[in-house]
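Model, not experiment: these values are computed from the prediction. These numbers come from the heavy atoms of this one structure, side chains and all, not from hydrogens, waters or symmetry mates. Every chain is numbered from 1, with letters handed out A, B, ... down the list of sequences.
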2 protein chains.
Amino acid sequence: MRTIDPEKHRQRRMRIVEAAVALFAEKGLAATSTADICRAAGISTGNLFHYFASKQEVFHGIFELDRDEWDHHFAAAAADPDPWHALTVVIDRVAADTAHPVVAGLLVEMVAQSHRDPVTARLVAEGDARMVRGIGALVRRMVEAGTADPGMAAEEAARWVLTLVESFYGRGYPEPGRDRAADVATVKLLVARVLRYRGPGPQEDPDDAHT
Amino acid sequence: MRTIDPEKHRQRRMRIVEAAVALFAEKGLAATSTADICRAAGISTGNLFHYFASKQEVFHGIFELDRDEWDHHFAAAAADPDPWHALTVVIDRVAADTAHPVVAGLLVEMVAQSHRDPVTARLVAEGDARMVRGIGALVRRMVEAGTADPGMAAEEAARWVLTLVESFYGRGYPEPGRDRAADVATVKLLVARVLRYRGPGPQEDPDDAHT
DNA sequence: GTCTATATAACGATAGAC
DNA sequence: GTCTATCGTTATATAGAC
């Protein structure tokens, strides 16, 4: 067999993508040069184009990194007997991921590119659909168990949960007064309110009875 | 007096900024050339630099367009005797603004730039602070009137309201199944839940009593 | 104040040696 | 497969005519 390496080629590609991630996050797609990427990846200037036809293709490769990871997470969530607990684990994970400025910067760049590049738009749409599907399955289980009553379709409710969770992306400016752990707790509280969750678990403040 | 035109100069600047808005929204800051902006503004290639020292400065000029407008809106909101009604007007306004793809594209570009340019970060922070202050004042009035009980400080609650409202920015991909009018209604519903609003007005579904 | 012309540098992508 | 060299283009910003 002469066909040399279907796997090694893929690994080389991913190595370039991983080197590009930090640059795209810091400077954006347009302001990052292919020479920058090659330098960060430890390859020579033009060698990138043996693995990708264009700079955009490198950017699109980023989405593959996310995909397998979240498929795995939602498989674990489906195996969790308590759907509310599984949802809090998902929220914690997004919060932990976006605590890295690189991830936060990359996510806003992805969304910005989604507004102008159809391929990126499709990849973002697929990523969102995966999140909505995964969260929606958890919401459905809560509704069927009678612990939540969002008053709308499960996947519709999941989209609004995702909106609250996306507040972790941040706005790019420092917010010294904010405590991330407190924000995570608040998101869980507000998600419970949005889903009208009333099952077991820390869904509302102890001093809930007001006047 | 020889000093010719403090006002005409300002108008010329704003004309250039307005021409640049659509380009920044469509292609992003880095991918938009100053020659593009000059062509759109109807001036010759280098003439832009008589009004702005750099392309970034043109981008920063965009924020001035927003500022006066929202100061005006929140002054009107403060004069509204019903704070919940005033809040729904604010929500309607953001929804209407972001219905334009240009505005939506521009907002995500602003947030993306905020992650890498300190000046933009400050301008975005000031804009957010203005929104939080305005919405927070309305929340405080509801709390004092006893019609809302968010269980947190008014400006903290306002930040979460803003998070829900920002879902109107969109994600850049078409969502054919979505109805914008329905989304606006849902945001108002969820804002009511987040604030635990129980005053007069359409704050919850008629079929609220579940089982 | 507005124009044309251009300095200087860097870009993405390709070609061909090894 | 990886390298060096480079093509052709385009960028921001400036200089100087009018």
Side-chain angles (χ1 to χ4, degrees), chain A residues 1-62 109 112-113 116-120, chain B residues 1-62 109 112-113 116-120:
Chain A
M1 314 305 183
R2 271 291 198 69
T3 51
I4 358 172
D5 41 30
E7 178 58 25
K8 188 157 193 173
H9 193 261
R10 204 192 66 86
Q11 285 183 350
R12 278 300 228 178
R13 278 175 62 102
M14 280 302 124
R15 173 154 157 59
I16 294 172
V17 169
E18 282 163 18
V21 160
L23 296 167
F24 288 149
E26 188 188 334
K27 310 199 289 181
L29 171 61
T32 300
S33 73
T34 57
D36 282 339
I37 299 170
C38 291
R39 202 175 309 118
I43 59 177
S44 67
T45 312
N47 197 11
L48 182 150
F49 294 96
H50 279 270
Y51 296 94
F52 299 93
S54 68
K55 188 170 65 169
Q56 281 76 15
E57 222 172 75
V58 179
F59 189 75
H60 299 152
I62 297 173
E109 179 67 15
Q113 282 300 318
R116 42 189 98 113
D117 167 36
V119 177
T120 302
Chain B
M1 315 304 185
R2 270 291 196 71
T3 52
I4 356 173
D5 39 32
E7 177 57 26
K8 188 159 192 173
H9 193 261
R10 204 193 66 87
Q11 285 183 350
R12 277 302 228 178
R13 276 175 63 101
M14 280 303 122
R15 173 155 157 58
I16 293 172
V17 169
E18 282 164 17
V21 159
L23 294 167
F24 288 148
E26 186 188 335
K27 309 198 289 180
L29 172 62
T32 300
S33 73
T34 57
D36 283 338
I37 299 171
C38 290
R39 201 175 309 118
I43 58 177
S44 68
T45 312
N47 198 12
L48 182 150
F49 295 96
H50 279 271
Y51 296 94
F52 299 92
S54 68
K55 188 171 66 171
Q56 280 75 17
E57 221 172 75
V58 179
F59 189 75
H60 299 152
I62 296 173
E109 179 67 14
Q113 281 301 316
R116 41 188 98 114
D117 167 36
V119 177
T120 302

Check step by step if side-chain hydrogen bond (donor to acceptor under 3.5 Å, both in side chains) holds for A/Ser33 and A/Asp36.
-> CA-CA 5 Å; A/Ser33 73; A/Asp36 282 339; 3.3 Å; yes
For the residue pair [X] and [Y], what are the closest heavy atoms and their distance?
| X | Y | answer |
| --- | --- | --- |
| B/Val119 | B/His60 | CG1-CE1, 3.4 Å |
| B/Leu23 | B/Thr32 | O-OG1, 3.3 Å |
| A/Phe24 | B/Arg116 | O-NH2, 4.2 Å |

Could you tell me the separation between the CD atom of B/Glu7 and the CZ atom of B/Arg12, rounded to the nearest 0.5 Å?
-> 13.0 Å
Interatomic spacing from NE2 in A/His50 to NE2 in A/His9 - rounded to 0.5 Å | 9.5 Å
Expected string for nucleotides 2-18 of chain C under the B/S/- scheme (protein heavy atoms, under 4.0 Å, primed atoms plus P, OP1, OP2 as sugar-phosphate) is BBB------SSBB----
Mark yes or no for whether B/Arg13, through its side chain, and B/Phe52, through its backbone, hold a donor-acceptor pair below 3.5 Å.
-> no
Would a distance-only check, ignoring hydrogens and angles, find a side-chain to backbone donor-acceptor pair under 3.5 Å from A/Thr120 to A/Gln113?
-> no
In whole Å, what is the span from the CG atom of B/Leu48 to the P atom of D/dA15?
-> 17 Å
Can you tell me how far C1' of D/dG1 sits from CZ of A/Arg15, to the nearest Å?
-> 15 Å
Among residues 16-27 of chain A, which residues get a heavy atom nearer than 4.0 Å to DNA chain C?
-> none
